Amino acid sequence: MERTYNPTPTPAPSPDIRQFLATQLNPNQMEAVTHGDGPLLILAGAGSGKTRVIAYRIAYIIRERQIPPWQILAVTFTNKAARELTHRVTELTGEDQVRQVRMGTFHGLCARFLRSEIELLGRRYDRNFTIYDTDDQLRVLKRQFAEAGLNPKLVSPNAVLGAIGRLKDRLASPAQAASASEAHNPFETAVATLYLRYQNALEAANAVDFGDLINLMLQLLENFPDVRQRYANRYRHVLVDEYQDVNEAQYRLVKAIAGDHRNLTVVGDDSQAIYGWRGADVRYILQFEQDFSECTTVRLEQNYRSTQTILVAAQAIEAGLTKRHAKELWTANRKGDPITGVVAGNETDEAQFVIREIDRLIGTGIGYRQIAILYRTNAQSRVLEEQLVRRRLPFQLVGGTRFYDRREIKEVIAYLHLLVNPHDTDAFRRAGGTRKGLGNTTMDKFVDWATETSRPVVDGLISLLRAEGAERPAPLIIGTVGPDLDEQSAVMGPLPWNRRAHELLLAYARDLDAFITGLQTLSLPDLLDLLLKRTGFREYLLEHRDDNGEERWENVQELMSVVTEYGVSGADEGLRLFLENAALVSDADTIRAGPRDDVVTLMTLHTAKGLEFPAVFIVGMEEGIFPHSRALEDGNIDEERRLCYVGITRAMQALYLVGCRSRSFRGMFVENDPSRFLRELPGELVRWVDGNGFRLDAARVMEMQSGAWPGHGASRAAGSWGGGTAIGSPSNLPHRPVGPDRPLPPGAPTPIRPWSGQATRIGGPPSTRQASPGASGPGVPNIRPFNGPSPTPLRPGLENIPGLRRANDLTPGARQTQTSPAPPAPPLPTYGLDERVRHPSFGDGTVIQIEPGRGTEVMIQVKFDTIGVKKLSTGLAPLTRIP
DNA sequence: GGAGCTCTTGTTTTT
DNA sequence: CAAGAGCTCC
């Protein structure tokens with residue numbers, strides 16, 4: 001392929017820009033930011049200021065190299081990351097510029113591109129295509145099971161959907177899947193059959209799934225040279241974040257756009273590749289230097305986030321990986337407190353430990369927002385939530401079931417989808433399912449009829465209405481005998497359903513007709529309002545008195561308030577924007593957009609990627625939970641290991657790894673061994689305690705390290721193996737949980753004090769501090785303000801960095817920090833005697849004493865108006881001045 | 001067609 | 001333990 005783009009020589013950065021950047025970036029970061037044309041690989045370790053570098057690089061390209069911002073394409077994996085990047089670049093270039101940069105997720109960008117290009121693929125799709133989520137996909141697939149006469153009990157639809165997804169990740173078409181499937185393997189054969197049917201069903205519905213978004217765009221780029229040319233010419237500077245997580249389709253997409261001009265910057269950390277299950281392949285980042293042989297490689301190896309202790313622990317886990325890019329993280333931060341390893345009895349004990357410890361942390365002046373609880377699977381959040389509610393600690397749960405995944409919400413949205421995409425058969429069925437009297441039999445008949453007569457479902461409905469109008473000008477009164485169906489066949493042909501069904505379909509049609517009219521005349525909120533009233537949606541929910549109709553109606557009202565934001569334009573445009581958002585934006589993304597409260601954050605380890613928190617709890621540190629049993633079965637422990645690495649490196653100062661001997665799982669008690677990750681922690685970094693916070697003695701620690709929960713023998717002898725797990729003899733159970741309603745007095749002292757002064761002052765610089773020599777030539781970081789044995793400032797006072805927003809309008813960890821990595825060290829906030837301050841949980845108070853803390857830390861005593869005197873660290877406490 | 005019941009079954013992470 | 005599928009009865 002010919003190169004069509006002649007790179008202009010990169011102008012040398014002007015001295016003053018360089019000078020400015022030097023105050024913001026370390027030498028390696030600087031090299032990455034100012035790199036000119038040509039491929040650039042940035043290997044960015046955890047906490048090394050990666051997002052900062054991308055943001056500065058984009059700003060540099062625009063401001064210093066005078067590249068028009070619309071020539072820049074920046075791709076991330078999550079909306080959260082995209083928003084964060086937008087935010088950062090905005091600070092550097094201003095909104096006018098950033099708006100022109102094309103930034104988004106792979107899926108979001110492809111959706112956008114496809115809206116204008118997809119019709120080139122022929123009549124298969126049109127620009128109004130619907131994006132199907134997992135739930136939609138499964139519904140379609142199950143229907144294919146039925147139609148293909150396959151028994152969903154013999155082959156799990158979920159497994160088939162997974163297989164189809166993986167085929168799509170590898171760009172395998174249904175035909176390829178069929179020819180590749182082994183004739184004797186019934187599963188593969190079934191997958192191939194179902195894949196074909198599924199794909200046809202999606203096409204017929206003018207619908208695409210997540211995989212299609214990428215793959216169809218790729219088809220356009222690879223099969224239409226002029227399209228590829230257009231995109232390659234327009235986006236002359238391409239940046240891809242989290243490159244270790246690209247799958248084959250995404251990789252080829254990037255190559256299709258940037259392969260000629262080769263102005264491609266990829267950023268990633270192979271040690272943080274945790275999406276293999278989604279088709280991502282670390283190989284692509286490992287091979288980048290071969291793919292783009294002229295590339296420059298920059299390593300960001302200084303970690304600005306975590307204490308040495310945390311970093312060393314992370315590296316101990318990382319060391320178990322079989323292959324990775326050579327990369328040695330180091331930090332100039334202080335050694336910090338030991339990691340707390342916790343051996344709890346069961347999952348309730350585990351949760352109670354966490355909560356008690358949070359209480360204690362709060363007592364030392366840490367804010368709730370500085371604390372995160374991470375777990376492997378969403379199901380683990382339940383116990384934690386219960387205990388948090390019981391103790392009345394403020395928290396937010398991130399992830400789990402998406403708002404837009406709730407059944408009632410999907411039902412409402414199905415109506416809306418029908419207004420945009422009249423082919424959307426699944427939406428027709430879903431919305432129809434909420435209509436009293438309309439059941440599967442009728443809908444099946446109708447869909448079949450519409451298909452046979454080549455009508456999109458909505459057009460089919462409307463045509464019933466027309467035929468009705470033509471033949472029976474007077475509206476039918478329900479109950480009267482209608483015209484014989486033969487009468488209609490003159491217009492419609494024979495209709496295979498009865499009179500009653502016909503009335504129901506007509507009512508459906510009239511509703512849709514009214515909404516379609518509303519699309520032109522109303523705003524989206526008004527349209528939704530009309531929709532809910534006209535369909536009697538509230539009554540539908542409440543009459544379905546099975547469980548919680550009220551709650552569901554509240555969700556629908558919540559949807560109403562979300563939609564309000566789309567009210568400025570006409571309903572048609574607003575609706576398209578809204579639906580795109582609903583399809584591609586996760587709950588987590590929307591929740592975080594709101595004002596930040598001072599709350600503890602609960603989420604999965606996966607969701608936590610990219611975030612950071614001063615204090616992190618990782619729970620469920622047991623074999624089978626983390627590492628997950630399925631990963632153990634499949635033998636891909638490496639990915640679990642990287643996930644553990646990701647989790648540990650979220651922590652800035654305090655890290656707790658909590659596991660328990662037994663837990664109830666799927667309604668049964670199970671006993672797991674301690675996680676191998678616990679056992680691999682270097683012993684000298686960990687302080688081991690039991691679920692009540694009492695130190696484990698050396699013997700028990702040894703036991704633990706040899707792979708068994710300490711002190712297990714005695715309780716096992718008395719417990720589960722003993723014959724009588726008879727009801728009424730609870731003492732026989734292996735471990736008695738602390739009574740669930742045992743009150744914990746506020747501020748009650750707990751036995752462990754991980755934040756106490758012990759073990760913080762360490763003599764010489766530890767070995768991790770040296771930059772690895774091979775890193776990048778002479779650019780050994782030196783003269784870092786953080787150098788030397790002095791502890792780093794803890795919570796940086798972000799408000800002191802010019803151009804940065806105040807911490808409290810930032811996401812929990814994400815934006816709150818990461819902005820602090822570069823020298824010079826941001827000064828701690830200072831307070832004067834008698835100054836009035838505000839704390840989110842303690843209220844307002846007056847500074848009554850100031851004294852030095854550890855290192856550069858400053859402790860102040862504040863007399864709060866309501867709760868008395870508290871001693872707080874200025875670096876840690878979420879204090880604000882009251883003017 | 002649909003309500004209400006029992007039984008089975010699944011068990012990770014997310015765009 | 002929860003959700004979904006399948007069954008029965010109206």
Side-chain angles (χ1 to χ4, degrees), chain A residues 75-82 104-111 131-135 137-139 142 145-146 151-153 156-159 162 165 168-169 208-214 242 245-247 249-250 273-280 374-380 382-383 398-402 404-405 407 432-433 435-444 497-498 500-501 504 543-547 580 583-589 603-609 620 624-634 636 639-640 642-643 646-647 663-670:
Chain A
V75 192
T76 62
F77 269 83
T78 64
N79 297 292
K80 177 180 78 194
T105 64
F106 270 104
H107 298 274
L109 290 166
C110 285
I131 300 168
Y132 274 8
D133 64 21
T134 314
D135 190 49
Q137 289 177 283
L138 210 53
R139 283 168 60 103
K142 282 178 180 168
F145 268 78
N151 185 352
K153 279 182 182 164
S156 136
N158 264 315
K168 289 195 176 188
D169 289 333
V208 304
D209 61 23
F210 287 124
D212 290 339
L213 283 172
I214 311 290
E242 308 280 16
D245 289 331
V246 294
N247 65 27
Q250 292 161 333
I274 55 175
Y275 285 104
W277 52 273
R278 217 171 72 182
L374 311 181
Y375 34 82
R376 177 68 235 271
T377 66
N378 280 305
Q380 291 169 257
R382 229 191 76 217
V383 195
V398 179
T401 311
R402 257 176 23 127
Y404 294 118
D405 288 341
R407 197 196 318 157
R435 305 183 66 90
K436 213 175 191 165
L438 196 55
N440 282 330
T441 317
T442 304
M443 290 199 285
D444 284 347
W497 50 80
N498 61 31
R500 181 173 170 273
L504 291 164
E543 279 168 26
H544 255 288
R545 68 184 182 314
D546 48 336
D547 28 8
E580 200 86 326
L584 295 172
V585 170
S586 73
D587 225 10
D589 298 317
M603 63 190 146
T604 65
L605 288 152
H606 282 86
T607 308
K609 186 157 82 154
I625 303 289
F626 187 32
H628 193 272
S629 53
R630 176 123 176 226
L632 293 173
E633 285 161 25
D634 299 352
N636 49 10
E639 186 146 308
E640 299 290 303
R642 292 189 291 258
L643 189 58
V646 167
R663 65 172 65 232
S664 79
F665 185 63
R666 251 164 50 205
M668 319 172 39
F669 270 100
V670 293

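Small disclaimer: the values here were computed from a predicted structure and weren't measured. Throughout, a chain's letter reflects where its sequence line sits, starting with A, and its residues are numbered from 1.
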4.5 Å side-chain heavy-atom contact, A/Val75 and A/Gln250: no

task: Answer whether the closest heavy-atom distance between the side chains of A/Met443 and A/Leu438 falls below 4.5 Å.
output: yes

message: Within this structure, what is the CZ-CG distance for the pair A/Phe106 and A/Asn247, rounded to the nearest 0.5 Å?
response: 8.0 Å

field: Under-4.0 Å salt bridge between A/Glu639 and A/Arg642
entry: yes

Does [X] have a side-chain nitrogen or oxygen under 4.0 Å from the phosphate oxygens OP1 or OP2 of [N]?
X        : N      : answer
A/Asn378 : B/dT13 : yes
A/Arg278 : B/dT14 : no
A/Thr604 : B/dT14 : yes
A/Arg630 : B/dT13 : no
A/Thr607 : B/dT13 : no

query: Is A/His606 stacked on the base of B/dT13 when the test is centres under 5.5 angstrom and planes under 30 degrees?
result: no

field: Ring-on-base stacking B/dT12 with A/Trp277 (under 5.5 Å, under 30°)
entry: no

field: Shortest side-chain distance from A/Arg382, nucleotide among B/dT12, B/dT15, C/dA2
entry: C/dA2

message: Looking at every non-hydrogen atom in both residues, tell me the closest pair between A/Lys168 and A/Asp209 and how far apart they are.
response: NZ-OD2, 2.6 Å

- prompt: How far apart are the closest heavy atoms of A/Ala82 and A/Gly104, and which atoms are they?
  reply: CB-CA, 4.1 Å

- request: Apply side chain to side chain donor-acceptor pair (under 3.5 Å) to A/Tyr132 and list each qualifying residue two or more places apart in sequence or on a separate chain.
  value: A/Asp424

Anything under 3.5 Å between a protein N or O and an N or O of nucleotides 4-10 of chain C, put it in a table, one pair a line.
residue	atom	partner	partner atom	Å
C/dA5	OP1	A/Lys142	NZ	2.8

Which part of the nucleic acid, if any, lies within reach of [X] when heavy atoms closer than 4.0 Å are counted: base, sugar-phosphate only, or nothing?
X        : answer
A/Phe106 : nothing
A/Leu213 : nothing
A/Ser156 : nothing

